[in-house]
There are 4 protein chains.
Amino acid sequence: MWRREQLLDAALRVFADKGVDGATVKDVAQAAEVTPGLLYRYFDSKEAMVETLLAERGFLPRLRELRSQARDSRPAVVVLTELLAEFDRLLADNAELMAVFFSAAQARAPLATLAAEGRRLIGDFLIERVAAGELRPHDTATAARTLFAAVAVNRRLGTPIDVAALVGLLFPEEG
Amino acid sequence: MWRREQLLDAALRVFADKGVDGATVKDVAQAAEVTPGLLYRYFDSKEAMVETLLAERGFLPRLRELRSQARDSRPAVVVLTELLAEFDRLLADNAELMAVFFSAAQARAPLATLAAEGRRLIGDFLIERVAAGELRPHDTATAARTLFAAVAVNRRLGTPIDVAALVGLLFPEEG
Amino acid sequence: MWRREQLLDAALRVFADKGVDGATVKDVAQAAEVTPGLLYRYFDSKEAMVETLLAERGFLPRLRELRSQARDSRPAVVVLTELLAEFDRLLADNAELMAVFFSAAQARAPLATLAAEGRRLIGDFLIERVAAGELRPHDTATAARTLFAAVAVNRRLGTPIDVAALVGLLFPEEG
Amino acid sequence: MWRREQLLDAALRVFADKGVDGATVKDVAQAAEVTPGLLYRYFDSKEAMVETLLAERGFLPRLRELRSQARDSRPAVVVLTELLAEFDRLLADNAELMAVFFSAAQARAPLATLAAEGRRLIGDFLIERVAAGELRPHDTATAARTLFAAVAVNRRLGTPIDVAALVGLLFPEEG
DNA sequence: GATGAATGAGATTTCATTCAT
DNA sequence: GATGAATGAAATCTCATTCAT
């Protein structure tokens, strides 16, 4: 059943390019080099294609996995830098899905969930390391959303940020 | 010719809500409490409405005006905080237009321009104040995009950031 | 708003001719000499057209009105003959709607209701006149469905029955 | 070649349930627990399935056989009652085929033929028995279509009539 | 200016039928 | 014989746009 994946690939590509509303089923079919009718053997509707993409190609699970990585015992700034770099790579790998997130009106919720999860991942890490005396006491909540935002926005804009420089900015003394 | 503005208001509201592609001309007309035909007396096409919104309701000029404000002679962190607060207010005031930016495929460019302008505004300010010895030497480019991103993303997500805390995070000693 | 009626007329004609499922929206549009899209200004869907026909063109109310006519004080066989003739005329006038009834799977219920109402109309009349000693005692329920069926089937088959002969068959002595 | 019959069984069931136009080839295939493609090894088209049903499952022959039964020498009302009961059973046994008759536009003709045949069967019987002095002289044509209609309509509506009562209604003195 | 009926083009979806396996 | 993926044609429906009033 690799045909299904092939269709999802095409849909992801086309939706990211033209937006979910802007892309037609015919567009997707042409990108997959099949006839439009075939899409309906695999998906109930265009809408269902979007939902399937979000469900099966979503990377929230992979974002959650990063939490274990945060347990790393190396110095805080090293681990934080790696964490952000991983997150940045995740976004880079899923640039098209992010584009779909942004184009699909009904995908606002997934975006918010993603952001909340990311903030928590980083925030929890900072709290731990402050408690351990490794990082200076600071507003960890604001720091978390700042770091998250800096990586996410710049990746989205196609102008990825230098993660090491970013960490150095907030925690200069530790570098 | 206030009828024109009324139509633009309705279009902005509706496009922000349903996305440009998702909204129909009829939707806009109903929101403006007129009939669809009337829209074509003021605009050539639905597409032209979007362009007009971007052109006439864009806030790039107001963002540029902030540059003069950056000349303020008060302490750097005070001015920076005010600058970011202004920028945040600008985004809050134009939340609907931002939503249109994100939904309209052809509005990707304005977004990039906006970001570049914002980064430059903040970056130039930081360079000046570092040169003046008011702020510690640091990677001003990374700082600029970080500050910009932190404000923009959180406003967009509906979870606005505490601007003073943000500045305090990057420049703790100066607070 | 006579356009609406014109479209219903066309729909009735076409649905009766080709069956609801067999007829296309395009068929109806062509019969009405408009474009298919226009139908959707007046009706939500093809399905809604059928429902509207059943609701607005149904003749159940007129069938019910016949009940007052049954109060007529003239001899039973005279009144019964007139009643059946009226009913037969009703069916003749609504031959197309009947055809739709038969073709639309979901219209089975209206048909059953129509039949029940008709049986009751005739049955009640017979009971009264038997009670009045005007008609010989007999199985009025069976008589009612027989009379109803004889008229309905033959009208439907395009071979209308002679109503007077029909009444004469069941009540020869009274003639 | 019982597979063919199995497919016809499924088709009959599905066509009766959803109407010929409303049922899809896939519906029939699923009901027969085979794949759609297989149907085309046994029938040229969906249309051909309907025609085959009408041709091979039609009960006109069995209706004609009743004619010999009409030769029965027992009293007229007894034989007539049996005749109608047989006819009623025939309809009951072929309820699904009748449903197809009613749903398929092109099956209107078979219905008319069936009705004509039924009327003639009963009509001829009545003529004979009137000639034999067994039944009172009456309009046998009207009687035939009345008896036929009463049985057919009520069977079709799912409210079968009491055949003995029906005969008693038309020929009370003979009972 | 303003209406809203009407159109035409195209989008989504369905489905009878074919065909390689 | 049997499968079921794939197609092509058509059906339902949507909607930006026009135009007579």
Side-chain angles (χ1 to χ4, degrees), chain A residues 1-4 6-7 20-29 32-49, chain B residues 1-4 6-7 20-30 32-50, chain C residues 1-4 6-7 20-29 32-49, chain D residues 1-4 6-7 20-30 32-50:
Chain A
M1 196 85 22
W2 71 294
R3 174 48 59 103
R4 206 184 107 100
Q6 175 189 341
L7 297 181
V20 170
D21 285 323
T24 69
V25 170
K26 202 177 164 193
D27 289 335
V28 175
E33 294 183 318
V34 297
T35 47
L38 186 60
L39 294 174
Y40 292 87
R41 271 198 77 74
Y42 295 92
F43 308 99
D44 283 346
S45 64
K46 180 184 170 185
E47 186 51 35
M49 285 180 224
Chain B
M1 201 85 24
W2 69 292
R3 173 50 56 107
R4 208 183 105 99
Q6 172 191 346
L7 298 182
V20 171
D21 285 319
T24 69
V25 170
K26 203 179 164 196
D27 288 335
V28 175
Q30 275 172 348
E33 295 182 321
V34 298
T35 48
L38 188 59
L39 294 175
Y40 289 86
R41 207 154 255 290
Y42 294 92
F43 307 98
D44 284 346
S45 65
K46 180 185 173 183
E47 187 50 37
M49 284 180 227
V50 180
Chain C
M1 195 80 31
W2 71 295
R3 175 49 60 105
R4 206 183 105 101
Q6 174 189 343
L7 297 181
V20 170
D21 285 322
T24 70
V25 170
K26 201 178 167 196
D27 289 335
V28 175
E33 294 183 316
V34 297
T35 47
L38 186 60
L39 294 175
Y40 291 88
R41 271 198 77 74
Y42 296 92
F43 307 100
D44 283 345
S45 63
K46 180 185 169 184
E47 186 51 36
M49 285 180 224
Chain D
M1 200 85 24
W2 70 292
R3 174 49 56 103
R4 210 182 105 100
Q6 172 191 345
L7 298 182
V20 170
D21 285 319
T24 69
V25 170
K26 203 178 164 198
D27 288 335
V28 175
Q30 276 172 349
E33 295 183 320
V34 298
T35 50
L38 187 60
L39 295 175
Y40 289 86
R41 206 154 256 289
Y42 293 91
F43 308 99
D44 284 346
S45 65
K46 179 185 173 182
E47 187 49 38
M49 285 179 227
V50 180

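Quick caveat: nothing in here was measured; it's all calculated off a predicted structure.
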Sub-4.5 Å side-chain heavy-atom contact between D:Tyr42 and D:Met49: no
For the student: nearest non-hydrogen atoms of C:Ala48 and C:Asp44, plus distance: CB-N, 4.0 Å
OG1-CD distance between D:Thr35 and D:Gln30, expressed to the nearest 0.5 angstrom: 10.5 Å
G-U wobble or Watson-Crick pairing nucleotide for E:dT17 (cut-off 3.5 Å, both distances): F:dA6
Per-nucleotide protein contact string for nucleotides 14-21 of chain F (B base, S sugar-phosphate only, - none; heavy atom under 4.0 Å): BSSBB---
N/O (side chain, B:Tyr42) to phosphate O (OP1/OP2, E:dA2) under 4.0 Å: yes
N or O in side chain of C:Arg4 less than 4.0 angstrom from E:dA5 OP1/OP2: no
Distance (rounded to the nearest 0.5 Å) between A:Arg3 CZ and A:Leu39 CG: 9.5 Å
Minimum-distance nucleotide (side-chain atoms of B:Thr35 versus E:dT3, F:dT7, F:dT3): E:dT3
Rounded distance (Å) that lies between atom C1' of E:dG8 and atom CG of C:Leu39: 14 Å
Atom-pair distance (CG on D:Leu7; P on F:dT3), nearest Å: 10 Å
C:Leu38 and C:Arg41, any side-chain heavy atoms less than 4.5 Å apart: yes
Length of the line joining A:Glu33:CD and F:dT7:P, which is rounded to integer Å: 11 Å
Beyond-backbone contact of D:Val28 with D:Lys46, side-chain heavy atoms, under 4.5 angstrom: no
